[in-house]
Structure formats: structure tokens, C-alpha cells
Asker: 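Structure incoming, see below.
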Amino acid sequence: MRVSLIGGMTRLERSYLDEAEKFGVDLRIFNSAGSQLKKRLGQAECMILFTGKMSHQIRRDVMDVAKSQGIPVFMFHSCWVCTLRSCLECIVKRN
């Protein structure tokens with residue numbers, strides 16, 4: 001399963017990837033708005049937004065992509081590894 005993580009802390013990227021690997025999830029992390037962010041997000045099966053670490057414009061762009069593609073979105077203000085773990089548990093149980 002491919003999951004996109006938008007936001008979060010750069011210093012925790014390795015921990016995010018390790019946690020996703022435990023659940024068998026292919027995690028793609030986006031910490032900045034690149035030129036092709038919208039195109040790359042459309043390839044995800046699910047999106048996790050850590051809203052405390054992103055701009056309003058990025059959030060709007062991500063939500064536009066999610067709505068147009070029918071991709072489920074999980075939003076959290078907290079961006080800790082335990083938050084990601086809880087979300088991944090929920091996603092894996094749903095599938």
C-alpha cells in the first residue's frame with residue numbers, strides 16, 4: 001500500500017519510514033511544496049496530513065488532489081512517530 005505523508009518534521013523522516021516499514025506500507029514523505037507535488041500525490045492510496053507543520057496553501061492543494069482522486073485523508077495536528085503509528089494501524093486494519 002502506498003501512503004503519502006505530508007508535513008512532519010525533517011529530523012523524524014527516518015523514524016517515519018521505519019515505522020511504515022513495520023506495517024508493510026510504502027511511505028512517501030513530502031515536507032515541501034515541490035513543482036510537481038500535485039502530480040506525485042495522485043499516486044497515493046491514502047494521505048496523512050500533519051497539519052501543524054504545513055502551510056495553508058499546501059493543505060488546500062493536497063485536499064484538492066484528494067477530493068478529485070477519491071483518496072482518503074487522515075489529518076492530525078501532532079506530527080510525532082506515535083501519531084503516525086496509530087494512523088497506520090487504522091489504515092492497515094481498514095484494508
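Treat the numbers as computed from the prediction; the structure is a model and nothing was measured. Nothing fancy with the numbering, it's 1 onward along the sequence.
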Asker: Output all residues satisfying salt bridge (Lys or Arg N to Asp or Glu O under 4.0 Å) with Arg60, sequence neighbours left out; order by chain, then residue number.
Answerer: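 If we apply the salt bridge (Lys or Arg N to Asp or Glu O under 4.0 Å) test to Arg60, skipping adjacent residues, there are no hits.
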
Asker: To the nearest 0.5 Å, what is the distance between CG on Leu84 and CG on Leu5?
Answerer: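 If I round to the nearest 0.5 Å, the distance is 6.0 Å.
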
Asker: According to salt bridge (Lys or Arg N to Asp or Glu O under 4.0 Å), who are the partners of Arg2, at least two apart in sequence or on a separate chain?
Answerer: Asp26

Asker: Output all residues satisfying side-chain hydrogen bond (donor to acceptor under 3.5 Å, both in side chains) with Arg14, sequence neighbours left out; order by chain, then residue number.
Answerer: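 Residues passing side-chain hydrogen bond (donor to acceptor under 3.5 Å, both in side chains) with Arg14: Asp18.
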
Asker: Under 4.5 Å between side-chain heavy atoms, counting indirect links through other Ile/Leu/Val/Met/Phe/Trp/Tyr residues: same cluster for Val3 and Ile71 or not?
Answerer: no

Asker: Return each pair, listed once, that meets salt bridge (Lys or Arg N to Asp or Glu O under 4.0 Å) where at least one residue sits in residues 72-81; pairs must be two or more places apart or across chains.
Answerer: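 Applying salt bridge (Lys or Arg N to Asp or Glu O under 4.0 Å) to every pair that reaches into residues 72-81, excluding sequence neighbours, yields nothing.
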
Asker: Which salt bridge (Lys or Arg N to Asp or Glu O under 4.0 Å) pairs, counting each pair once, include a residue from residues 86-95, with sequence neighbours left out?
Answerer: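 For residues 86-95, and leaving out neighbouring residues, there are no salt bridge (Lys or Arg N to Asp or Glu O under 4.0 Å) pairs at all.
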
Asker: Out of curiosity, does Val73 fall in the hydrophobic cluster containing Ile58 (side-chain heavy atoms, cut-off under 4.5 Å, transitive links)?
Answerer: yes

Asker: Residues two or more places apart in sequence or in another chain: which of them pass side-chain hydrogen bond (donor to acceptor under 3.5 Å, both in side chains) with Ser55?
Answerer: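 Expected list: none.
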
Asker: What's the separation between atom CG in Leu88 and atom CD1 in Ile48, rounded to the nearest 0.5 Å?
Answerer: 5.0 Å

Asker: Val62 pairs by side-chain contact (heavy atoms from CB on, under 4.5 Å) with which of Met75, Gln57, Met47, Met54?
Answerer: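 Exactly one option meets the side-chain contact (heavy atoms from CB on, under 4.5 Å) with Val62, and it is Met47.
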
Asker: For the CZ atom of Arg85 and the CH2 atom of Trp80, what is their distance to the nearest 0.5 Å?
Answerer: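 So the gap between those two atoms works out to 13.0 Å.
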
Asker: Give every residue pair that meets the ring-ring contact (aromatic ring centres under 6.0 Å, His included) criterion with at least one member in residues 48-78, sequence neighbours excluded.
Answerer: Tyr16-Phe50

Asker: Are Ile29 and Met1 connected into the same hydrophobic cluster when the rule is that any two of I, L, V, M, F, W, Y join if their side-chain heavy atoms are below 4.5 Å apart?
Answerer: yes

Asker: Please list all pairs passing the salt bridge (Lys or Arg N to Asp or Glu O under 4.0 Å) test where one or both residues lie in residues 64-82, with sequence neighbours left out.
Answerer: none

Asker: Only counting residues at least two apart or in another chain, list the ones meeting side-chain hydrogen bond (donor to acceptor under 3.5 Å, both in side chains) with Ser86.
Answerer: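 Ser86: no side-chain hydrogen bond (donor to acceptor under 3.5 Å, both in side chains) contacts found.
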
Asker: Measuring only between side-chain heavy atoms, which start at C-beta, is Ile91 closer than 4.5 Å to Val25?
Answerer: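 Of all side-chain heavy-atom pairs linking Val25 with Ile91, none is under 4.5 Å.
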
Asker: Of all residues at least two apart in sequence or in a different chain, which pass the salt bridge (Lys or Arg N to Asp or Glu O under 4.0 Å) check with Lys22?
Answerer: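 For Lys22 the salt bridge (Lys or Arg N to Asp or Glu O under 4.0 Å) partners, ignoring immediate neighbours, are Glu19.
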
Asker: Please list, chain by chain and in numerical order, all residues satisfying side-chain contact (heavy atoms from CB on, under 4.5 Å) with Thr10, sequence neighbours excluded.
Answerer: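 In terms of side-chain contact (heavy atoms from CB on, under 4.5 Å), with neighbours along the sequence ignored, Thr10 is linked to Glu13, Asn31.
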
Asker: Taking atom SG of Cys79 and atom CD1 of Ile6, what is their separation to the nearest 0.5 Å?
Answerer: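 That separation rounds to 13.5 Å.
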
